[in-house]
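In what follows, a single structure is set out as structure tokens and then discussed.
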There are 2 protein chains.
Amino acid sequence: MVQSKTDLFDEELKTQAAWFKVLAHPARLKILQYLSEANSCITGDLSEELPLGRTTVNQHIKELKEAGLIQGHIEGVRTKYCLNPEKITEVKSIIEQFLSGLNVGDYECK
Amino acid sequence: MVQSKTDLFDEELKTQAAWFKVLAHPARLKILQYLSEANSCITGDLSEELPLGRTTVNQHIKELKEAGLIQGHIEGVRTKYCLNPEKITEVKSIIEQFLSGLNVGDYECK
DNA sequence: TCAATTTGACGTATATTTGCGTCCAAATAA
DNA sequence: TTATTTGGACGCAAATATACGTCAAATTGA
């Protein structure tokens, strides 16, 4: 019997792991990076920036949207995307929280 | 220069995404956290700390070992595991590098 | 109105991850 | 020696992720 057992871990670890997973694909990192560098919404085909088909890119966009990291605004027949600064800040904080817990400054292997 | 800037850039994204992926499972986060909190090598059965079977935990340990984040030392019939502080520091730096690139301080959605 | 454009929804095929059972080698205890 | 403990190697099956083709709705221009 093979099942997903992730719900057996405590909430904090699950949340942290889930955020790492959202960021665990170069296409999604690239989209975030692009939107950040544009410092604005961009219209239309993000897929031209990536070595992937349009629908695949859309899939990644959808994941980022569902995670709340980006927002889409419909403008006529097009859609503008932009980062959600609040959520980005939140994620940074959550990840930072985990990483800072790995205190290796005085780590000793005994 | 053998590679174009674009290629180097993509390599960087792939590396960053790969590290996020290593951390994208609560079991692996838990293992790292446990080793960190123990502030030492621990001997033997980490699976008692996790809601997973021994072989499954071993699988996650193997991934962390292959990623270089932890080290195993054989002691007779047992194995001691400990964090690899250098690698942990390196990963922190790589992740920090990506996150700090998402500069939302003056982000404007135009 | 009608055709073209844009983009999301849906389905599908493939690849990868996850969880675990089984077996085996090495060290140790009896 | 033999039995036991420990943990890695291997392989299987289910779950999930990835990539993309197709289709339909909405908007816009002719």
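Chain letters run A, B, ... following the sequence lines, proteins first, then strands; residues in each count from 1.
Partners of B/Glu37 under the side chain to side chain donor-acceptor pair (under 3.5 Å) rule, at least two apart in sequence or in another chain, do not exist in this structure. For A/Thr55, there are no side chain to side chain contact (heavy atoms under 4.5 Å, CB included) partners at least two apart in sequence or on another chain. For the side chain to side chain contact (heavy atoms under 4.5 Å, CB included) test, residues two or more places apart in sequence or in another chain that qualify with A/His60 are A/His25, A/Ala27, A/Arg28, A/Ile31, A/Leu52, A/Thr56, A/Glu63. Every residue meeting the salt bridge (Lys or Arg N to Asp or Glu O under 4.0 Å) condition with B/Lys87, not counting sequence neighbours, appears here in chain and number order: B/Glu90. Under the rule for a side chain to side chain contact (heavy atoms under 4.5 Å, CB included), the partners of B/Lys92 that lie at least two apart in sequence or sit in another chain are A/Leu99, A/Leu102, B/Ile88.
Contact annotation: A/Thr79 reaches the phosphate of C/dG8 (side-chain N/O to OP1 or OP2, under 4.0 Å). At least one side-chain nitrogen or oxygen of B/His60 sits closer than 4.0 Å to the OP1 or OP2 atom of C/dG19. Of the side-chain N and O atoms in B/Tyr81, one or more sit less than 4.0 angstrom from OP1 or OP2 of D/dG8. Contact between the side-chain N/O atoms of B/Thr55 and the OP1/OP2 oxygens of D/dG7 is not found at any separation under 4.0 Å.
In this structure the side chain of A/Leu69 never reaches within 4.5 angstrom of the side chain of A/Leu83, judged on heavy atoms. In this structure, B/Glu12 and B/Phe98 have side chains that are not in contact, with every pair of non-hydrogen atoms separated by 4.5 Å or more.
D/dT16 atom P lies 16 Å from atom NZ of B/Lys21, rounded to whole Å. The NE2 atom of A/His73 sits 16 Å away from the C1' atom of C/dT7 (whole-angstrom rounding). With rounding to whole Å, B/Asn58 atom CG is found 15 Å from C/dT18 atom P. Note: CZ (B/Arg78) to P (D/dT6) measures 5 Å, nearest angstrom. Atom NZ in B/Lys62 sits about 9 Å away from atom C1' in D/dC10, given to the nearest Å. Note: CG (B/Leu46) to C1' (D/dG7) measures 12 Å, nearest angstrom. Spacing between atom CD1 of B/Ile61 and atom P of D/dT6 amounts to 14 Å, rounded to whole angstrom units. Computed from coordinates, the B/Lys80 NZ to D/dT6 P distance equals 16 Å when rounded to whole Å.
Each of A/Leu52 and B/Gln59 was assigned the nucleotide of DNA chain D with the nearest heavy atom; the assignment lying further toward the 5' end belongs to B/Gln59. Residue A/Lys65 is the one, among B/Thr56 and A/Lys65, whose nearest nucleotide of DNA chain C lies closer to the 5' end (criterion: closest heavy atom).
Closest to the B/His25 side chain, of the nucleotides C/dG19, C/dG21, D/dC20, is C/dG19.
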Heavy atoms under 4.0 Å is the rule here; annotate nucleotides 23-30 of chain C 5' to 3' with B where the base is hit, S where only the sugar-phosphate is, and - elsewhere. ---BSS--
